[in-house]
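Numbers for residues simply follow the sequence, beginning at 1. First listed ligand is number 1; within each ligand, the first listed atom is number 1.
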Amino acid sequence: MTVDGPAPAPPLTLPSTVTASRTDSGLDVLSVTNAHGSAEVYLQGAHVTGWTPTGEDPVLWLSSASSFAPGVPIRGGIPLCFPWFGPRAGDPEAPSHGYARLVPWTLTAASDDDEGTVLTFRLSVPADHAVADFEGLQADYEVRVGRSLTVVLTVTCTGETPVAFEEAQHTYLQLRDVESTTVSGLEDAGYHDKAAASPADARRPAAGVPLVPSGQVDRVYLGTTTPVSVDDGERTLVVTKTGSASTVVWSPGAEVAGRVADIAAGEWRQMVCVETCNVGDAALTLAPGESHSLGSTYTVSRDA
Ligand SMILES: O=P(O)(O)OC[C@H]1O[C@@H](O)[C@H](O)[C@@H](O)[C@@H]1O
């Protein structure tokens with residue numbers, strides 16, 4: 001089968017583990033099923049919307065109220081935030097979390113190995129989303145679907161001047177109930193509390209204890225490079241990362257979720273975002289010719 005999406009030139013031959021289809025709304029999606037697990041990846045945003053290891057329950061939360069429309073971010077899975085995170089400083093009209101999740105990426109390779117299926121994508125920014133400050137950046141993304149899931153975003157400075165940017169794998173993890181879930185691995189890190197009443201009050205010291213998210217949680221943990229474990233009482237999801245110096249944890253809570261059109265009533269309880277990232281003080285600058293890779297590996301184990 002060949003991919004009928006935006007400009008893979010020449011069209012790639014897909015392994016038998018991968019099928020390509022197009023939604024009624026015109027989005028191209030790749031479905032992966034191999035001996036180790038299954039996954040779905042939309043070309044828009046190179047967005048992994050689902051991953052289920054064989055015999056497990058789905059690991060990624062996907063909103064039942066999400067839009068699946070060209071140019072609209074998908075709510076759930078692994079949105080890629082790039083080349084900025086949140087609102088763009090000094091540009092209130094710019095889309096939240098950058099343009100990478102809004103535009104189709106090009107599938108550049110698809111193959112199987114002993115551990116699963118590997119898909120790679122390249123971001124080609126259309127003119128209506130191009131931002132001059134970031135024109136010198138090339139972004140490539142590798143998705144490995146197996147017993148674990150690994151995603152790696154590699155950014156290369158191909159221009160002639162240094163470029164600064166932010167990046168995040170904004171992963172929504174599927175839970176039983178966020179308010180009885182324990183997030184461990186960040187307790188020794190100070191954080192910037194985006195939910196604080198005033199910016200002057202937003203810097204917080206390390207909590208010293210694991211986080212049990214209650215109500216709205218929106219935190220940028222600083223200086224975090226080690227794994228984060230998310231235990232919902234039935235299973236533990238572990239996020240191991242590379243090339244990342246910050247971690248965002250986001251749970252909207254009832255009040256904020258009630259104002260988000262693409263989160264259905266009560267569904268916020270079944271997810272938490274643990275985001276492998278380089279944002280804020282951890283933003284990166286690449287000199288001409290330099291590359292940087294940001295990676296996350298997700299594993300799941302049943303609690304005893
Ligand atoms: O609605 P969006 O643009 O996908 O963002 C969702 C959330 O993403 C989180 O990463 C941010 O820290 C939150 O502040 C934000 O509300």
Please determine if [X] and [Y] form a salt bridge, counting it only when a charged side-chain N lies under 4.0 Å from a carboxylate O.
X    : Y    : answer
D193 : R219 : no
R302 : D57  : yes
E115 : R147 : no

Atoms in ligand 1 flagged as close to E275, the criterion being non-hydrogen separation under 4.0 Å: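 With E275 as reference, the close atoms of ligand 1 come out as 9 (C), 10 (O).
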
Mode of R101 contact toward ligand 1 - side chain, backbone, both, neither (heavy atoms, under 4.0 Å): side chain

Verdict with reasoning, F121 to W105, per ring-ring contact (aromatic ring centres under 6.0 Å, His included): CA-CA 6 Å; F121 302 88; W105 292 48; 7.2 Å; no

Winner among R75, H170, Q216 once heavy atoms are compared against atom 8 (O) of ligand 1: H170

Give the residue, atom name and distance (to 0.1 Å) of the protein heavy atom nearest [atom].
atom                    : value
atom 3 (O) of ligand 1  : S96 OG, 2.7 Å
atom 5 (O) of ligand 1  : H97 NE2, 3.2 Å
atom 12 (O) of ligand 1 : D218 OD1, 2.6 Å

F82/F134 aromatic ring centres below 6.0 Å: no

